[in-house]
Visitor: 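Below you will find the structure I want to go over with you.
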Amino acid sequence: RLIRSESSWVRRTKYVYLTVRDGLYTANAGIDESNGNGRLVLLPKDCFQSANAIRRKLLRHYKIKNLGVIITDSRTLPLRAGVLGIALGYAGIKGLRDYRGQKDIFGRKFKFAKTDVADSLATAATLEMGEGSERQPLALISQASVKFVNRTNTKELLINPKDDMFIPLLPGRFD
């Protein structure tokens, strides 16, 4: 019941409920019982708002100008073993680098290429924070090639489910 209430779409699989929460495929709506010592741990209601609140406090406290904050979780990819990081929400950085219209190394214009900066950084952070008993709840990434911004576009990484390359793998209609 809780998984359904935290999701916009739910499908039971062999191991977990495959869900969509805030436009992302995730297992069990991100609800974690493995790290809760007998309690369920839910994701923040608004991960972008949480990242922004943390960023504002850190900017004030450390009197710095450029800072990005990413709220991460782990996830799997189809046909790949292991987990990697994903950005549930972020603040202070541009989450997507768009190469369309620019020239590649051979002088051809890109038609599709974009780099998901936020999820790439989340994966790097997840590698350092660990998935076991490391108890490393945050990671600091410096000298990353990011564009700092004051306003975060919370929709820049989302695509229409009809345009998702994995949608044919999901049985039934995607609601």
Side-chain angles (χ1 to χ4, degrees), residues 1-55 68-97 112 114-141 144 146 152-175:
R1 205 171 52 223
L2 185 57
I3 290 171
R4 290 191 185 284
S5 72
E6 292 286 311
S7 308
S8 60
W9 180 86
V10 179
R11 181 79 74 227
R12 181 77 171 126
T13 69
K14 183 177 179 180
Y15 300 106
V16 299
Y17 286 94
L18 178 60
T19 61
V20 172
R21 182 183 190 276
D22 299 331
L24 298 170
Y25 295 116
T26 187
N28 299 326
I31 299 170
D32 191 351
E33 72 181 315
S34 65
N35 294 318
N37 196 23
R39 295 194 168 118
L40 296 176
V41 178
L42 279 65
L43 298 175
K45 286 292 181 197
D46 186 331
C47 294
F48 282 95
Q49 185 179 35
S50 296
N52 194 42
I54 293 167
R55 179 177 180 266
V69 172
I70 303 172
I71 306 292
T72 69
D73 198 4
S74 54
R75 69 178 257 183
T76 61
L77 290 177
L79 302 176
R80 297 297 283 197
V83 299
L84 48 90
I86 187 167
L88 301 174
Y90 52 91
I93 62 167
K94 186 153 180 44
L96 186 69
R97 185 176 300 145
F112 182 75
K114 299 176 187 178
T115 298
D116 181 341
V117 175
D119 288 326
S120 297
L121 292 170
T123 293
T126 298
L127 177 66
E128 293 304 309
M129 292 186 296
E131 286 292 313
S133 61
E134 292 90 345
R135 296 182 181 182
Q136 183 67 37
L138 60 88
L140 176 64
I141 299 173
V146 299
T152 303
N153 178 354
T154 62
K155 307 290 185 206
E156 68 186 328
L157 295 179
L158 299 178
I159 61 171
N160 187 318
K162 289 180 246 164
D163 295 327
D164 185 88
M165 65 190 247
F166 297 109
I167 203 71
L169 303 176
L170 300 174
R173 196 172 142 236
F174 189 90
D175 296 317

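Keep in mind that this is a model prediction, so the values were computed, not measured.
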Visitor: Which pair of heavy atoms, one from Phe48 and one from Leu88, lies closest together, and at what distance?
Guide: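 Minimum heavy-atom separation between Phe48 and Leu88: CE1-O, 3.7 Å.
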Visitor: For Thr19, check side chain to side chain donor-acceptor pair (under 3.5 Å) against everything at least two apart and list the hits.
Guide: none
Visitor: Ignoring hydrogens, what is the shortest heavy-atom contact between Ala144 and Leu121? Give both atom names and the distance.
Guide: CB-CD2, 4.0 Å
Visitor: Find the distance between CD1 (Ile86) and OG1 (Thr76) and round it off to the nearest 0.5 Å.
Guide: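 Rounded to the nearest 0.5 Å, the CD1-OG1 separation comes to 10.0 Å.
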Visitor: Could you tell me if the side chain of Thr152 sits less than 4.5 Å from the side chain of Tyr90, heavy atoms only?
Guide: yes
Visitor: Please, which pairs that meet salt bridge (charged side-chain N to carboxylate O under 4.0 Å, His left out) have at least one residue in residues 18-46, sequence neighbours excluded?
Guide: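 Listed by first then second residue: Glu6-Arg21, Glu6-Lys45.
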Visitor: Identify the two heavy atoms, one from Val41 and one from Gly36, that lie closest to each other, and give their separation to 0.1 Å.
Guide: CG2-CA, 3.8 Å
Visitor: Could you list all the ring-ring contact (aromatic ring centres under 6.0 Å, His included) pairs where at least one residue sits in residues 114-134, not counting sequence neighbours?
Guide: none
Visitor: Just verifying a value: how many Å separate Lys155 NZ and Leu96 CG, rounded to the nearest 0.5 Å?
Guide: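 Here the interatomic distance stands at 15.0 Å.
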Visitor: Could you pull out all residues at least two apart from Gln136 that satisfy side chain to side chain contact (heavy atoms under 4.5 Å, CB included)?
Guide: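 Expected list: Met129, Glu134.
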Visitor: For the backbone of Ala29 and the side chain of Thr26, can you confirm whether one donor and one acceptor N or O come within less than 3.5 Å of each other?
Guide: no
Visitor: Kindly give the heavy-atom pair with the smallest separation between Leu157 and Ala118, and that separation in Å.
Guide: CD1-CB, 3.9 Å
Visitor: Quick test of your reading: applying side chain to side chain donor-acceptor pair (under 3.5 Å), list the pairs with at least one residue in residues 118-127, sequence neighbours left out, ordered by first then second residue.
Guide: none
Visitor: Provide the closest heavy-atom pair for Leu18 versus Tyr25 in the form atom of the first, atom of the second, distance.
Guide: CD1-CB, 4.3 Å
Visitor: Does the Asn28 side chain pair with the main chain of Tyr17, one donor and one acceptor, at a distance under 3.5 Å?
Guide: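 Yes, the answer is positive, given that a donor and an acceptor are paired below the 3.5 Å cut-off.
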Visitor: Could you measure the distance from the CG atom of Leu43 to the CD1 atom of Ile31? Nearest 0.5 Å is fine.
Guide: 8.0 Å
Visitor: Rounded to the nearest 0.5 Å, what separation is found between the CG atom of Leu127 and the CG atom of Leu84?
Guide: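 Atom-to-atom, Leu127:CG and Leu84:CG are 10.5 Å apart.
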Visitor: Looking at every heavy atom in both Pro78 and Phe166, which two are closest together, and how far apart are they?
Guide: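 That closest heavy-atom pairing would be CG-CE2, 3.5 Å.
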Visitor: Holding to side chain to side chain contact (heavy atoms under 4.5 Å, CB included), I want the full list of residues that pass it with Ser133, two or more places apart in sequence or in another chain.
Guide: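 Ser133 satisfies side chain to side chain contact (heavy atoms under 4.5 Å, CB included) with no other residue.
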Visitor: Only counting residues at least two apart or in another chain, list the ones meeting side chain to side chain contact (heavy atoms under 4.5 Å, CB included) with Lys162.
Guide: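 Side chain to side chain contact (heavy atoms under 4.5 Å, CB included) check on Lys162 returns Asn160.
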Visitor: Not counting sequence neighbours, which residues clear side chain to side chain contact (heavy atoms under 4.5 Å, CB included) with Ala122? List them please.
Guide: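 Listed in chain order: Ile70, Thr72, Ala87.
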Visitor: Enumerate the residue pairs fulfilling salt bridge (charged side-chain N to carboxylate O under 4.0 Å, His left out) with a member in residues 71-95, sequence neighbours excluded, ordered by first and then second residue.
Guide: Lys94-Glu156
